[in-house]
> 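One structure follows; several queries about it will come next.
Per chain, numbering begins at 1; letters A, B, ... match sequence-line order. Since the model is a prediction, treat every value here as computed from it, not as a measurement.
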Amino acid sequence: MKERARRKLIQALRAFLPEEAVIAGEEALRPFECDGLPAYRELPLVAVLPEDAGQVQQVVRFCHEHGIPVVARGAATGLSGGALPLADGVLLGLSRLDRILEIDPLARTARVQPGVRNLAVSEAAAPHGLYYAPDPSSQIACTIGGNVAENSGGVHCLKYGLTVNNVLELKVVTAEGELLTLGSAALDSPGYDLLALMNGSEGMLGIVVEALVRLLPRPERQQVVLAAFDEVEKAADAVGAIIAAGIVPAGLEMMDNLAIRAAEDFVRAGYPVEAAAILLCELDGTNEEVSEQVRRINDLLRGAGATEVRTARDEAERLRFWQGRKAAFPAVGRLAPDYYCMDGTVPRRALGEVLRGIAERSRFYELPVANVFHAGDGNLHPLILYDANKPGELARAEAFGAEILELSVKVGGTITGEHGVGREKIHQMCVQFGPAELEQFHALKAAFDPEGLLNPGKAIPQPRHCAEYRTLGDTRTPPGERAGNG
Amino acid sequence: MADRADELQQAVRRALAQGRPLALTGGGSKGFYGGEPVGEPLSVSGHTGVVNYEPRELVLTARAGTPLEEIESLLAGEGQMLAFEPPRFGAGATLGGTVACGLSGPRRPWSGAVRDFVLGVRMINGRGERLRFGGEVMKNVAGYDVSRLMCGALGTLGLLLEVSLKVLPRPEAEVTLVQERGEEEAIELMNRWSGEPLPLSAACHDGLHLHVRLSGSPTAVAAARRRLGGDPMEDGERFWESLREQRHPFFQGNKPLWRLSVPAATPPLALPGRQLVDWGGAQRWLVSDVPVEEIRHQAAAVGGSATSFRGGDRGHAFHPLPAPLKRLQRRIKRAFDPRGIFNPGRLYPES
């Protein structure tokens, strides 16, 4: 029965899509079965790879008419199962909409299709001395459409904002197949701010088919200061001291001892391997301004108890310092067969408390944890190490992870800072939100997508599901092996 | 400092039970903006107090009725500020009204708008429920971003109880430079300079002069000053404040005032009346009695929109939306306020 329906669907889609744009058959669909969270896998009914916005509209209209769910997918680097296909749905890949349509140096904007890679925007803008600020660690591969869906951040968002702060206009295909323009090349547009709402909506409200993004002038100079601490909490306090001094660094990253050692082993960044924690503080601006800030930061860090403060001697060393941080996930990944990456954000004042809490739970669950995070904005990425082949370890990793997220909420934070809820954290949404908020989310979703055909089952749990989760306890499914980073 | 959330919720529930619309107000400083307020007035101005402010967190949370003045002086005491420089338009301006109106001042193109700084809200929806979205952290992608949706919604989606904002350190040094330039040349310069790594924080052309503000570390400001030229202005801060608060002579008179939001590099607009270019070219103020259609047509032709800001037809203050977007916005309104009790017609006519 399902096979017949599938054949009819393929035939219908091929009426308006090129033959090779409709992908069916188990072998051919296999590469689409998961995103950057491969523990969750599902084969879609079919996958389609349209070539332009018109074809996207046709696909969505057809699916709307026939009540078929649609899951949009960019480069599938997401870490929360947001682009996980549905067995009874169409997977809509946007990778062929990969053209940079225009770079306007005077207006400082780039008009791009959703399948354009994040880094490609900055590369295309570079000859004009401009760049696109949000820089998630997956920026070599991840796409602008996906960045909008997740409201991606990166290491520079304390100073330069998230995706939502850097997108001016979106062309969006609605669940009914209508093409809407949200925002504009001006700084604001009439009516409700649906442009803001689309960012981080995880493909549930519409499918982005074009984006106009803001470009910024490249700073004259960038410099990195590395500080070592003999206690993790001193490093956390130093973060507060820097902010209190009125400095908003371009980047402020922290790594704990396990992460430092792993990164050092992996890329030889020159990190002090005895340190309990290091801070990497990036400063940018004019040449003189950066020199002045480096001096101030040096004093602040020493005042906060740093055992060592180093300024990158040259561009090569600056890049090496960052390379260690950027390679931290894969580096930690070499320490154990599996790791589970969390994404809570907490108020900076709670960093010490949360890190203590993580360390205590690490001992309780007997699973090591490496902490790598965006300290400047309190976004933690604890990496729980485990071995899925050892009985019980996976379940312990999951329980440990859930406790970290719940602790993040308890201290006034959130379960996800930048990776999204997707399928993975849907249970923890019940901890962060009550039934009234969840109902409001569903009502908002229904305003965009009355039939619930866009990426159903992700991001927002049903309130009755939460009631079950709260009474029955943990029903999480395996996180498994991870790839990618944050 | 008073927590009136329970009373406000009861008032909303009463209005809901009786099917009476409410006109939500704060300090009443922006009652002129948008559609004519309709319904029984419900003031949020008694719901006051800074709930949480830790300068190290760069976050401030306050009840919606808290006067903006109180918030900004508290921040100034810690060397911080609201970087979107909200206009007050009167002594009573509240935080809630500021967020609901979604207006930002001269720094907007470089620092962001209100919506770029809102991290979380507590609110009452049109079902009389108290809801909380977002929070006090810089990065948060759990659930739809309802907090930002409230910015500029003019209270039509819910009653704001509490708002958390990202705040920023005040710049160490600031200078305003003035030079005589024609409008066309000034627009081009503002855009060119915006593409260079300069510490710009405001740029406006008042018809005769180009005014540029630089903010940042003393060395960066000094270097940029040499690069841009022009004469430093004695009372630069007063100038930007008069622009933000519309006390500048340009805004005087009885003719309708329009706000045109256009792409920054748009050349001068050929509209009869007086114009002032702000936001590095992205915001054009127009004092003119040209027919509405002509103004809207010209704004739309360059990819922008036109708002009748003061003294015009309040029934159609905002630029009309294309039909599909209008339908969607109505559905969103119903999703938050199914009985239509909040600020009917304040943003767009109901039918």
Side-chain angles (χ1 to χ4, degrees), chain A residues 105-108 130 150-151 153 158 161 165 178 180 184-193 196-197 199-201 217-220 240 243-244 246 248 285-286 288-289 292 345-349 377-379 412-418 420-421 429 432-433 436-437 440-441 443-444 447 460, chain B residues 54-58 79 108-109 112-113 115-116 125 129 131-133 135-146 148-149 151-153 168-169 191-192 194-197 216-217 219-220 223 261-265 279 282 303-305 307 318-319 321 324-325 328-329 331-332 334-336:
Chain A
L106 187 62
R108 293 148 278 126
L130 302 169
E150 303 296 324
N151 191 15
L158 181 65
N165 310 110
E178 243 168 346
L180 296 180
S184 67
L187 291 177
D188 49 49
S189 296
Y192 297 134
D193 194 344
L197 189 63
N199 282 277
S201 63
R218 278 226 167 270
E220 193 175 292
I243 307 282
V248 179
T286 62
E288 291 156 320
E289 188 180 18
E292 188 182 293
T345 302
V346 300
R348 278 184 293 265
R349 64 170 178 271
D377 37 40
N379 186 196
T414 175
I415 58 171
T416 175
E418 58 181 3
V421 175
M429 281 292 281
Q432 190 162 337
F433 294 100
E437 280 95 4
Q440 186 61 71
F441 285 144
L444 184 55
I460 315 289
Chain B
E54 284 171 64
R56 284 181 174 226
E57 297 290 326
L58 297 180
R108 192 268 172 253
R115 57 89 105 170
D116 294 299
N125 68 4
E129 297 163 330
L131 307 173
R132 180 182 185 229
F133 298 103
E136 294 189 308
V137 290
M138 299 287 161
K139 286 161 94 178
N140 187 353
V141 291
Y144 302 122
D145 201 340
V146 173
R148 292 188 212 274
L149 185 62
C151 302
L168 285 179
N191 279 279
R192 278 219 323 261
S194 297
E196 295 177 28
S217 72
T219 49
S261 181
V262 299
W279 286 8
S305 63
T307 302
F318 298 101
H319 205 103
L321 300 171
L325 205 49
L328 177 58
Q329 299 232 0
R331 297 207 293 230
I332 291 167
R334 279 201 295 276
F336 281 90

> Which heavy atom in A:L187 sits nearest to a heavy atom in B:A282, and how many Å separate them?
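Minimum heavy-atom contact is CD1-CB, 3.7 Å.
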
> Taking the side chain as C-beta and beyond, is there a heavy-atom pair between B:E54 and A:R348 under 4.5 Å?
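Answer no - side chains too far apart.
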
> Evaluate B:L328 against A:Y192 for side-chain contact (heavy atoms from CB on, under 4.5 Å), listing each step before the verdict.
CA-CA 10 Å; B:L328 177 58; A:Y192 297 134; over 6 Å; no

> Name the region of B:A220, side chain, backbone, both or neither, that has any atom closer than 4.5 Å to a heavy atom of chain A.
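Both backbone and side chain.
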
> Quickly, which of A:T416, A:T345, A:N151 forms a side-chain contact (heavy atoms from CB on, under 4.5 Å) with B:K139? Name it, please.
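The option that passes is A:T345.
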
> For A:L130, which atoms come within 4.5 Å of any heavy atom of chain B: side chain, backbone, both, or neither?
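It is the side chain, since no backbone atom gets that close.
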
> If we define contacts as heavy-atom pairs under 4.5 Å, which of A:P347, A:G246, A:G200 has the most with chain B?
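Of the options given, most contacts go to A:P347.
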
> Is any side-chain heavy atom of B:V141 closer than 4.5 Å to one of A:V421?
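Answer no - side chains too far apart.
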
> Which bit of B:R334 comes within less than 4.5 Å of chain A, counting heavy atoms only: side chain, backbone, both or neither?
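The answer is neither part of B:R334.
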
> Which pair of heavy atoms, one from A:A244 and one from B:R56, lies closest together, and at what distance?
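Reported closest heavy-atom pair: CB-CG, 3.7 Å.
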
> With a 4.5 angstrom heavy-atom cut-off, which part of B:A335 approaches chain A: side chain, backbone, both or neither?
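Both backbone and side chain.
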
> Taking the six-membered ring for Trp, are B:F133 and A:F433 parallel (under 30°), tilted (30 to 60°) or perpendicular (over 60°)?
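Geometry flag for A:F433 against B:F133: tilted rings.
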
> Side chain, backbone, both or neither: which part of B:E129 has a heavy atom under 4.5 Å from chain A?
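Side chain of B:E129 only, per the 4.5 Å heavy-atom cut-off to chain A.
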
> Which atom pair, heavy atoms only, marks the closest approach of B:P197 to A:P217?
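Taking every non-hydrogen atom into account, N-CB, 3.6 Å.
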
